[in-house]
Number of protein chains: 2
Amino acid sequence: MILSRIILGLLDLTPMTGADLKRHFDTTVNHFWSADKAQIYRTLGTIVDDGHATVTVVPGTNTPDRLEHHLTPAGREALHDWLRSDLDRQPEREAFLARVFLADALDDDELSALIEQRRALALARQGEFEAIRDAMPEPATRAEHLRFATLDHGLRHVQVELDWLDALEEQLP
Amino acid sequence: MILSRIILGLLDLTPMTGADLKRHFDTTVNHFWSADKAQIYRTLGTIVDDGHATVTVVPGTNTPDRLEHHLTPAGREALHDWLRSDLDRQPEREAFLARVFLADALDDDELSALIEQRRALALARQGEFEAIRDAMPEPATRAEHLRFATLDHGLRHVQVELDWLDALEEQLP
DNA sequence: AGACGCTAGTCGATCTGTCAACTAGCGAAG
DNA sequence: CTTCGCTAGTTGACAGATCGACTAGCGTCT
């Protein structure tokens with residue numbers, strides 16, 4: 001459902017093939033949604049079945065033929081409907097917090113290692129986000145502001161994660 | 001996988017039935033993991049099949065019989081192994097950010113409504129977290145500190161979400 | 001007595017996501 | 001010329017999660 005709406009949104013920017021979409025899910029959109037190749041192609045199939053996109057074959061010159069998907073008016077409307085629909089509280093799923101909750105079974109060294117691993121992951125994400133941000137042009141249009149905001153969201157959350165890790169390390173007896 | 005480990009961790013505290021576990025997933029553990037009734041019972045089945053817990057029937061007096069699950073040494077070891085295993089980066093999945101990313105298709109009023117809805121959800125979560133925190137005793141043992149930390153994590157992230165929403169509203173042209 | 005409702009537990013269908021293997025065409029390296 | 005690697009797309013099997021319906025016993029309300 002959400003994946004299909006994101007795909008409609010990306011197709012709205014420009015017609016794309018499954019491979020193009022996979023590239024988006026690995027780069028521009030990766031910080032809030034990722035998707036498997038197989039899943040993208042299958043979802044693309046149902047999008048076409050629903051009449052939300054049409055397919056044109058673009059003969060590849062030195063690559064295989066590409067199936068370019070074009071958003072239809074019905075697809076654009078489905079996207080718009082979704083954007084206006086009510087937000088649902090989606091369930092929290094934080095495997096790391098589950099470990100912390102149960103971590104009293106670990107000794108002090110193992111617990112420190114757990115925290116350090118999490119810090120390393122957070123720092124890595126921070127680096128990636130900053131690299132993407134620094135490669136972005138200064139946001140000018142509203143659309144660019146919105147895209148930038150999703151990155152800023154990630155950066156702020158990574159920062160608070162790092163702060164929390166510092167506090168946790170200090171607090172532990 | 002993660003669900004089964006959380007269940008092992010909860011069974012480590014005290015033997016429980018599926019219904020007891022469901023209560024935990026709806027309350028104490030809800031802020032970082034939730035689970036469906038059917039899923040809990042099925043996972044409990046595989047936990048028993050794996051030899052990680054044994055079942056004893058506790059005859060109900062004015063309720064149906066309860067199937068109490070007791071952690072075995074093998075189960076405790078599986079839990080401990082998981083706690084020490086390497087953290088994996090888990091994929092981000094933020095449906096709300098997907099909407100923001102694509103929200104240029106909305107007019108100004110619809111966009112404000114989207115932001116307001118998100119703020120309302122964040123404030124609701126903040127209220128719930130604070131209520132749980134205020135009902136908790138001052139953490140004394142290490143185990144209590146760790147449980148408290150998972151709540152603190154939620155509170156800090158909610159706060160940064162609210163700050164980000166404020167910033168977003170100001171920035172938009 | 002009959003209708004509800006609560007609790008504990010079970011089941012089937014379905015959806016989403018993940019992994020790995022696979023076809024098929026082209027170009028470049030050896 | 002064969003092998004290798006790249007790209008685009010397809011498929012089957014499976015795990016995890018979700019929904020709704022269901023059995024069954026007991027208590028209470030009318």
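Sequence lines set the chain letters: A, B, ... in the order given, protein chains first and strands last, and positions in each chain run from 1.
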Can B:H31 and A:E94 be counted as having a side-chain donor-acceptor contact under 3.5 angstrom?
-> no
In whole angstroms, how far is the P atom of D:dT18 from the CD1 atom of A:I2?
-> 12 Å
Please state whether the phosphate of D:dG16, meaning OP1 or OP2, lies under 4.0 angstrom from any side-chain nitrogen or oxygen of B:Q39.
-> no
B:A74 versus B:G51, closest heavy-atom pair with distance | CB-O, 3.8 Å
Who pairs with A:D163 by salt bridge (charged side-chain N to carboxylate O under 4.0 Å, His left out), at least two apart in sequence or on another chain?
-> none
Rounded to the nearest Å, what distance is computed from the CG atom of residue B:L67 to the C1' atom of nucleotide D:dG25?
-> 14 Å
To the nearest Å, how far apart are A:M1 CE and D:dA17 C1'?
-> 18 Å
For A:H69 and A:T54, does a side-chain donor sit closer than 3.5 Å to a side-chain acceptor?
-> no
Over how many whole Å does the gap from A:R5 atom CZ to C:dT16 atom C1' extend?
-> 15 Å
Nearest-angstrom distance from the residue atom CZ of B:R66 to P of C:dT10 | 13 Å
Among residues 26-36 of chain A, which residues get a heavy atom nearer than 4.0 Å to DNA chain C?
-> A:W33, A:D36
Should the pair A:R119-A:D166 be classified as a salt bridge under the 4.0 Å nitrogen-to-oxygen rule?
-> yes
Could you check whether B:K37 gets within reach of a base, just the sugar-phosphate, or nothing at all, counting any heavy atom under 4.0 Å?
-> base
Which nucleotide, D:dA17, C:dG9, C:dT7, lies nearest any side-chain atom of B:R23?
-> C:dT7
Among all residues two or more places apart in sequence or in another chain, which pass the ring-ring contact (aromatic ring centres under 6.0 Å, His included) test with B:F32?
-> A:F101
Start at the 5' end of DNA chain C and walk down; is the nucleotide closest to A:A38 or to B:H69 reached first?
-> B:H69
On DNA chain D, nearest-nucleotide positions of B:R42 versus A:R42: which is more 5'?
-> A:R42
Where along residues 87-99 of chain B does a heavy atom come under 4.0 Å from DNA chain D, residue by residue in number order?
-> none
Does a side-chain N-to-carboxylate-O contact under 4.0 Å join B:R66 and B:D20?
-> yes
Could you check how far CD1 of B:I7 sits from C1' of D:dA17, rounded to whole Å?
-> 13 Å
Less than 4.0 Å between a side-chain N and a carboxylate O, is that true for B:E161 and B:R118?
-> yes
Within less than 4.0 Å of OP1 or OP2 of C:dT16, is there a side-chain N or O belonging to A:T43?
-> no
Nearest-Å distance, CG (B:L21) to P (C:dT10)?
-> 13 Å
Ignoring backbone atoms, test whether A:Y41 places a side-chain nitrogen or oxygen under 4.0 Å from the OP1 or OP2 oxygen of D:dT10.
-> no
Not counting sequence neighbours, which residues clear salt bridge (charged side-chain N to carboxylate O under 4.0 Å, His left out) with A:E144? List them please.
-> none
Tell me who clusters with A:Y41, hydrophobic residues only, linked when side chains sit under 4.5 Å apart either directly or through other members.
-> none
Here the distance between atom C1' of C:dT16 and atom CZ of A:F25, to the nearest Å, is 13 Å
